Amino acid sequence: MFYEGPDIVVTSEHFIILGPYPVRYRLDDVREPYIVQHGRGSRFRSAQEIRARYGARDVRLFSTTNATTFGHVRRALIRALEHRAARRG
């Protein structure tokens with residue numbers, strides 16, 4: 001287990017979105033993750049997203065305005081993907 005929160009779980013096998021609609025992404029199929037930032041410079045807190053290729057689709061894995069939570073989830077995904085790559089050798 002790399003991260004477990006109220007909305008997201010990151011394991012060595014899956015990135016799991018718990019709600020509002022549960023979705024489970026196999027990490028073997030997650031490719032090219034990247035970050036998107038929305039609302040930069042506005043008076044509201046900017047939202048940050050983690051997106052990636054999943055099969056032939058571009059998917060949003062996670063989105064939040066909480067910078068601390070975003071950092072935890074981002075690092076968990078990085079560690080999980082590195083772990084998967086090391087196991088494949």
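Values below: every heavy atom of this structure, side chains too, minus hydrogens, waters and symmetry copies. Since the structure is predicted, the reported quantities are computational estimates derived from the model, not experimental observations.
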Inset, instruction - Find out whether Asp29 and Arg53 are in side-chain contact, i.e. whether some heavy atom of one side chain is under 4.5 Å from a heavy atom of the other. - result: no
Inset, instruction - Please name the pair of heavy atoms, one in Val36 and one in His38, separated by the smallest distance, quoted to 0.1 Å. - result: CG1-NE2, 3.4 Å
Inset, instruction - Flag the pair Glu13 and Arg84 as a salt bridge only when some basic side-chain nitrogen lies within less than 4.0 angstrom of an acidic carboxylate oxygen. - result: yes
Legend entry - ring-ring contact (aromatic ring centres under 6.0 Å, His included) partners of His14, counting only residues at least two apart: none
Legend entry - Inter-residue atom distance Arg57.CZ - Arg51.CZ, 0.5 Å rounding: 10.5 Å
Inset, instruction - Specify the closest pair of heavy atoms between Ala52 and Pro33, including all atoms of both residues, with the distance to one decimal. - result: CB-CA, 3.8 Å
Legend entry - Value rounded to 0.5 Å, distance of CD1 in Ile78 from NE2 in His83: 15.5 Å
Legend entry - side-chain hydrogen bond (donor to acceptor under 3.5 Å, both in side chains) partners of Thr69, counting only residues at least two apart: Asn66
Legend entry - Connected hydrophobic set around Leu77, excluding itself, where side chains approach under 4.5 Å: Phe2, Tyr3, Ile8, Val10, Phe15, Ile17, Val23, Tyr25, Leu27, Val30, Ile35, Ile50, Tyr54, Val59, Leu61, Phe62, Phe70, Val73, Leu81
Inset, instruction - Heavy atoms only: give me the nearest Pro20-Pro22 pair and the separation to one decimal. - result: O-CD, 3.8 Å
Legend entry - For Ser46 against Gln37, the heavy-atom pair lying closest together: OG-NE2, 3.3 Å
Inset, instruction - Give the intermediate values and the outcome of side-chain contact (heavy atoms from CB on, under 4.5 Å) for residues Glu49 and Thr64. - result: CA-CA 7 Å; Glu49 291 184 1; Thr64 187; over 6 Å; no
